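Input: a single structure, listed below in structure tokens.
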Amino acid sequence: MPELPEVETVRRTLAPHLVGRTVTAVEVYDAGILRHPTSPAPFAGALVGRRVRALGRRGKYLRMALSDGGEWIVHLRMSGRLLWHRERERRERFLRLRAMLDDGSLLDYIDMRRLGGMYLVDADGVGVPAGLGRLGPDAVDPAFTPAHLAGVVRGRRATIKGILLDQRAVAGLGNIYVDEALHAARLHPTRTGESLRPAEVRRLHAAIVAVVREGIRAQGVSFALYRDGEGRPGEMGERLRVYGRAGLACYACGGTIARARVAGRGTAYCPRCQPEPRRQTGRARC
DNA sequence: CGCTTCCTGACT
DNA sequence: AGTCAGGAAGCG
């Protein structure tokens with residue numbers, strides 16, 4: 001569930017605690033979350049002694065630059081959490097890995113479902129997750145323009161929801177922000193890419209940028225995800241217009257938010273604000 | 001292109 | 001017991 005705004009919030013709140021710190025020890029409780037290297041000893045061996053130089057983010061990947069030119073990359077997927085704190089006796093349920101830092105503080109990786117994981121990339125780039133190299137522009141990057149979005153949907157018969165969930169098209173969106181953006185743009189989730197008219201593409205682009213920025217400002221939607229070591233949740237959950245609101249009244253029109261399955265995902269939308277596509281919407285056939 | 005798989009807990 | 005949650009890789 002962590003999407004771009006949630007990962008960005010994690011990055012911002014961890015950075016002051018981690019930058020400049022050196023990892024002094026690593027304890028692996030579940031090797032299943034190690035993506036590269038996949039064994040605890042090599043993983044710990046490569047991380048211990050490295051200093052964290054900077055925290056970056058690309059899409060939903062958190063990237064920690066290390067002093068040797070390598071990188072420590074974490075993807076939270078569904079239930080992953082990074083928690084910085086100083087209480088050695090504190091052990092969250094589903095604690096999978098703990099890194100000890102040279103100031104006595106700790107960075108815990110917690111992941112109930114173990115879908116997330118981490119990568120240690122050496123200075124030559126060995127170990128980079130494959131998906132990272134295939135990402136489209138970040139939803140908040142200036143390179144993500146209306147023209148880029150137009151190019152991504154052009155000629156595509158896939159649903160717009162499916163296209164937006166594809167990280168190769170735009171990086172950082174997940175189920176929540178896609179539903180929110182489509183509602184804000186008044187586009188039905190099953191509209192095909194090729195059916196979108198230029199004005200609709202521009203509207204969708206503006207909606208994506210707006211909801212993602214709002215999510216960052218609100219420090220994300222909290223769902224087993226906390227912005228810092230004190231476990232304080234983000235406020236975006238209270239600002240959602242459609243996600244999780246099936247059966248409730250649409251804030252825009254008063255109609256009832258509906259639920260469907262689109263691109264294999266639970267999907268919330270307003271049938272009145274987001275009208276059902278008609279066949280061959282907006283595209284002449286020859 | 002969409003569907004399945006991974007993974008585990010909450011809910012019906 | 002069965003269904004759902006869903007990010008992303010993999011498959012047909």
Side-chain angles (χ1 to χ4, degrees), chain A residues 1-11 29-36 38 57-63 73-82 92-97 109-119 127-136 138-139 152-182 188-196 208 212 215 220-225 236-237 240 242-247 257-269 277 279 283:
Chain A
M1 175 131 351
E3 305 178 26
L4 190 158
E6 287 73 32
V7 180
E8 176 63 18
T9 300
V10 169
R11 186 193 72 78
Y29 307 108
D30 188 330
I33 57 112
L34 304 180
R35 300 285 188 260
H36 180 91
T38 54
R57 179 195 55 74
R58 183 79 173 84
K60 303 171 192 172
Y61 292 90
L62 182 73
R63 319 177 65 166
I73 299 179
V74 180
H75 198 305
L76 304 172
R77 291 279 191 113
M78 285 298 296
S79 56
R81 283 170 53 197
L82 282 167
E92 300 277 316
R93 198 176 171 197
F94 310 120
L95 175 63
R96 308 298 184 192
L97 180 145
Y109 179 73
I110 300 140
D111 192 347
M112 176 185 84
R113 291 165 67 179
R114 299 190 296 173
L115 288 169
M118 53 183 70
Y119 310 76
V128 180
L132 185 57
R134 295 196 283 260
L135 292 179
D138 245 67
V152 156
V153 302
R154 185 171 299 134
R156 297 283 305 278
R157 307 183 78 156
T159 61
I160 185 59
K161 169 140 186 175
I163 293 170
L164 294 181
L165 285 171
D166 186 344
Q167 303 301 298
R168 295 170 298 186
V170 187
L173 301 178
N175 205 36
I176 296 176
Y177 290 93
V178 166
D179 280 8
E180 293 297 311
L182 289 173
H188 194 280
T190 63
R191 287 284 300 276
T192 63
E194 67 180 2
S195 79
L196 298 183
I208 290 168
V212 169
V221 175
S222 279
F223 184 86
L225 179 106
M236 187 63 191
L240 300 176
V242 281
Y243 186 87
R245 298 196 67 245
I257 302 297
R259 205 177 150 74
R261 187 154 291 270
V262 181
R265 301 279 164 50
T267 300
Y269 67 100
R279 279 166 207 169
R283 198 159 187 94

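What's counted below: heavy atoms across the whole structure, side chains too, no hydrogens, waters or symmetry copies. Not measured: the values here are computed from a predicted model. Every chain is numbered from 1, with letters handed out A, B, ... down the list of sequences.
Remark: C1' of dA8(C) and CG of Asn175(A) are 13 Å apart, rounded to the nearest angstrom. One interatomic measurement links the two molecules: CG of Leu115(A) to C1' of dA9(C), which rounds to 12 Å at whole-angstrom precision. For the pair Lys60(A) NZ and dG7(C) C1', the computed distance is 6 Å after rounding to whole Å. dG6(C) atom C1' lies 15 Å from atom OH of Tyr177(A), rounded to whole Å. Separating the CZ atom of Arg35(A) from the P atom of dG7(C) is a distance of 16 Å, rounded to the nearest angstrom. Computed from coordinates, the Asp179(A) CG to dG7(C) C1' distance equals 15 Å when rounded to whole Å. The distance between atom CG of Leu165(A) and atom P of dG6(C), rounded to the nearest whole Å, is 10 Å. For the pair Met78(A) CE and dA9(C) P, the computed distance is 15 Å after rounding to whole Å.
Of the possible donor and acceptor atoms, one in the side chain of Arg96(A) sits under 3.5 Å from a partner among the backbone N and O of Asp111(A). Although no hydrogens or angles enter the test, the distance criterion places a donor-acceptor pair under 3.5 Å between the side chain of Arg35(A) and the main chain of Gly116(A). With hydrogens and angles disregarded, no donor-acceptor distance shorter than 3.5 Å links the side chain of Gln167(A) to the backbone of Arg134(A). In this structure a side-chain-to-backbone donor-acceptor pair under 3.5 Å is present from Glu180(A) to Val242(A). Not one N or O on the side chain of Lys60(A) forms a donor-acceptor pair closer than 3.5 Å with the backbone of Pro5(A). A donor-acceptor contact shorter than 3.5 Å is absent between the side chain of Asp179(A) and the backbone of Tyr243(A).
Sequence order on DNA chain C of the closest nucleotides to Gly264(A) and Arg134(A) puts Gly264(A) first from the 5' end.
The side chain of His75(A) contributes an N or O atom lying less than 4.0 Å from OP1 or OP2 of dA8(C).
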Next item on the list: Might you work through the side-chain contact (heavy atoms from CB on, under 4.5 Å) test for Tyr119(A) and Leu132(A), ending with a clear yes or no?
Entry: CA-CA 11 Å; Tyr119(A) 310 76; Leu132(A) 185 57; over 6 Å; no
Next item on the list: Go through the steps for Val178(A) and Thr267(A) under the test side-chain contact (heavy atoms from CB on, under 4.5 Å), then give the verdict.
Entry: CA-CA 9 Å; Val178(A) 166; Thr267(A) 300; over 6 Å; no
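Among the heavy atoms of the strands lying under 4.0 Å from Arg265(A) is at least one base atom, whether or not backbone atoms are also near. When heavy atoms are screened at a 4.0 angstrom cut-off, Arg261(A) is found touching the sugar-phosphate backbone but no base atom.
Summary of helix geometry: the two end axes of the helix from dC1(B)-dG12(C) to dT12(B)-dA1(C), each defined by five base pairs via their C1' atoms, are inclined to each other by 60° (rounded to 10°).
Checked for salt-bridge contact, Asp138(A) and Arg57(A) meet the test: a charged N lies under 4.0 Å from a carboxylate O.
Read 5' to 3', the first and last nucleotides of DNA chain B with an atom closer than 4.0 Å to a heavy atom of chain A are dC1(B) to dG9(B).
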